[in-house]
Amino acid sequence: MKDDKDDGWDLREEGESLFEWPLDSTGMRMGAGQLLDSLLDTITRLNRNRAWPLTILPPRPGDVIVDRGRRTISAICLWKRKPDTTKETK
């Protein structure tokens, strides 16, 4: 049975990927809790940015890696492609 309001939500690409962000000098001095808060803030900003093509779910416990030697924070996150808002609606 097809929903009259089908916007293609279930047809959009989704997956799981490793996302990696650089740690600046401030991030290098942060504790684990601060880094996690910063990571979640970054994901929230990306999700609100219309130019960013994905909606990212917060990482699960154990899926965040802080590598101070490489100056990076990485997270395995589930994601779904955002609807194409450039298409005209009729």
Side-chain angles (χ1 to χ4, degrees):
M1 181 176 184
K2 182 173 165 111
D3 185 348
D4 290 337
K5 294 187 177 191
D6 180 17
D7 64 356
W9 180 260
D10 291 332
L11 303 177
R12 288 182 287 129
E13 182 183 7
E14 58 186 50
E16 179 179 77
S17 297
L18 176 68
F19 294 89
E20 184 175 274
W21 293 273
L23 282 178
D24 60 13
S25 59
T26 302
M28 290 292 288
R29 292 188 304 270
M30 289 181 180
Q34 292 173 307
L35 281 170
L36 186 56
D37 286 346
S38 178
L39 174 63
L40 295 176
D41 287 345
T42 298
I43 289 171
T44 299
R45 276 195 315 275
L46 287 171
N47 287 343
R48 290 181 178 162
N49 182 344
R50 291 179 184 228
W52 178 256
L54 306 174
T55 297
I56 303 173
L57 296 178
R60 296 170 292 229
D63 284 346
V64 177
I65 301 160
V66 177
D67 187 338
R68 293 184 191 276
R70 291 184 53 227
R71 300 180 66 99
T72 60
I73 183 168
S74 306
I76 299 171
C77 300
L78 299 173
W79 56 268
K80 187 161 190 123
R81 188 154 305 277
K82 291 179 183 176
D84 185 358
T85 57
T86 61
K87 291 182 182 176
E88 291 184 33
T89 55
K90 295 181 180 183

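Side chains are part of it too, since the values below use all heavy atoms of this structure and drop only hydrogens, waters and symmetry mates.
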So how far is it from L18 CG to C77 SG, rounded to the nearest 0.5 Å?
8.5 Å
To the nearest 0.5 Å, atom CD of Q34 lies from atom OG1 of T26 at 10.0 Å
Cluster link W52 to I73, ILVMFWY, side chain under 4.5 Å:
yes
Within the structure provided, determine whether R68 and L35 are in side-chain contact (heavy-atom separation under 4.5 Å).
yes
Within the side chain of R29, is there an N or O that forms a donor-acceptor pair under 3.5 Å with the backbone of S25?
yes
For M28, is there any backbone N or O sitting under 3.5 Å from a side-chain donor or acceptor partner on R71?
no
Would you mind reporting whether K80 and E13 have side-chain heavy atoms less than 4.5 Å apart?
no
Check: N47 main-chain N/O paired with K82 side-chain donor or acceptor under 3.5 Å
yes
Same cluster for L78 and W21 if Ile/Leu/Val/Met/Phe/Trp/Tyr side chains link at under 4.5 Å?
no
Verify the cluster assignment for I76 and L40: are they in a single hydrophobic cluster under the rule of side-chain heavy atoms below 4.5 Å apart?
no
Which atom of T72 lies closest to which atom of L23, heavy atoms considered:
O-CD1, 3.7 Å
L46 side, atom CG; F19 side, atom CZ - distance, nearest 0.5 Å
8.5 Å
From T42 atom OG1 to I56 atom CD1, the distance as rounded to the nearest 0.5 Å
9.5 Å
Please determine if R60 and E16 form a salt bridge, counting it only when a charged side-chain N lies under 4.0 Å from a carboxylate O.
yes
Do W79 and T55 have side-chain N/O donor and acceptor atoms under 3.5 Å apart?
no
Does any part of the side chain of I43, heavy atoms only, come nearer than 4.5 Å to the side chain of P59, both counted from C-beta?
yes
